[in-house]
There are 2 protein chains.
Amino acid sequence: METLSAAESLAALGHETRLAIFRALVQAGPEGLKAGAVGEALGLAPATLSFHLAHLSRVGLIRGRQESRFIFYSADYSAMGELIAFLTDNCCQGKACLPNAVCAENPDPRCNPEPACEGNSRD
Amino acid sequence: METLSAAESLAALGHETRLAIFRALVQAGPEGLKAGAVGEALGLAPATLSFHLAHLSRVGLIRGRQESRFIFYSADYSAMGELIAFLTDNCCQGKACLPNAVCAENPDPRCNPEPACEGNSRD
DNA sequence: TCCATGTTTCAAGTATTATCGAAATATAAA
DNA sequence: TTTATATTTCGATAATACTTGAAACATGGA
């Protein structure tokens, strides 16, 4: 994942409403939710909802599929995976800042590295 | 980490210049870099640099310490860790979207869960 | 004290983003 | 075909964010 695309994804999630939308879609699972259900759950005006769904779609974090009269949106887990990979590869020190939950379970020594590991870029 | 704070951190990183600043500080290690060195490396006008450093500081992703006439900024790894934890806990499906590099090394079965795990919220 | 250097703050201009009512489009049911 | 429902697009407005030169502030050296 290139830096620009990472920044765009981060910016997309860096808005409370869009973050809430994304979380709702993640919770909903691969099936996703009708656009209207998202708007209802979060109390959003249709135009506002559409604006944010379009934004999330544009950066690839969610996908919409038409199903009869409805449009179901669902989270793209692999896009989120790439984003997390970008953060761990480029924005962590070794893997020092991986979630504790992961590190505690992970024998990989990079999980608790020396204080001053150096560059680990991916792009 | 609450949702609002997560959104603020994501938004802070969701800007190419700030993301570049943060990456540079991560690469620099715990010592960090003088503000001026960051500006020079990225070709930023002093006021612009200061604006973005202040933004990243405000959300807690970096810290500045005065050292003689200079101010050294360094990445706050634990803040990034919390952010990644938030994303894996709230924006992934189980841990399905953790980076492959992590999952490949990790015996935790949640790394490759069934397709349709349900809600796993943290807040 | 005066000067040089590093950094921030201020102020102003520009650009981008968010919101939402109203109109348009699409699909399906009557 | 008409009507109803779901969603998007349009248009206008308001709010926020970004950039930068210039001025202010802070620190250390002469």
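Just so we're on the same page: letters track the sequence lines, and every chain starts at 1.
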Once you round it to whole Å, what is the distance between P of D/dC18 and CD of B/E16?
13 Å
Hey, does A/Y73 reach any base, or is it just sugar-phosphate, or nothing, if we go heavy atoms under 4.0 Å?
sugar-phosphate
d(NE2, A/H15; C1', C/dT16) in whole Å:
13 Å
So what does B/A47 touch, heavy atoms closer than 4.0 Å: a base, only the sugar-phosphate, or nothing?
base
Decide yes or no for A/R23 and B/C91: does some side-chain heavy atom of the first lie under 4.5 Å from some side-chain heavy atom of the second?
yes
A/R65/A/E67 salt bridge by N-O under 4.0 Å criterion
yes
To the nearest angstrom, how far is A/K34 atom NZ from D/dT8 atom P?
14 Å
For A/V59 and A/E8, the nearest pair of non-hydrogen atoms, with its separation, is CG1-O, 3.9 Å
Once you apply a heavy-atom cut-off of 4.0 Å, does B/S68 come out as touching a base, just sugar-phosphate, or nothing?
sugar-phosphate
In whole angstroms, the gap separating P of C/dT9 from NE2 of B/H52 amounts to 15 Å
Rounded to whole Å, how long is the line connecting atom CZ of A/F51 with atom P of D/dC10?
14 Å
In whole angstrom, what separates B/F70's CZ from C/dA4's P?
17 Å
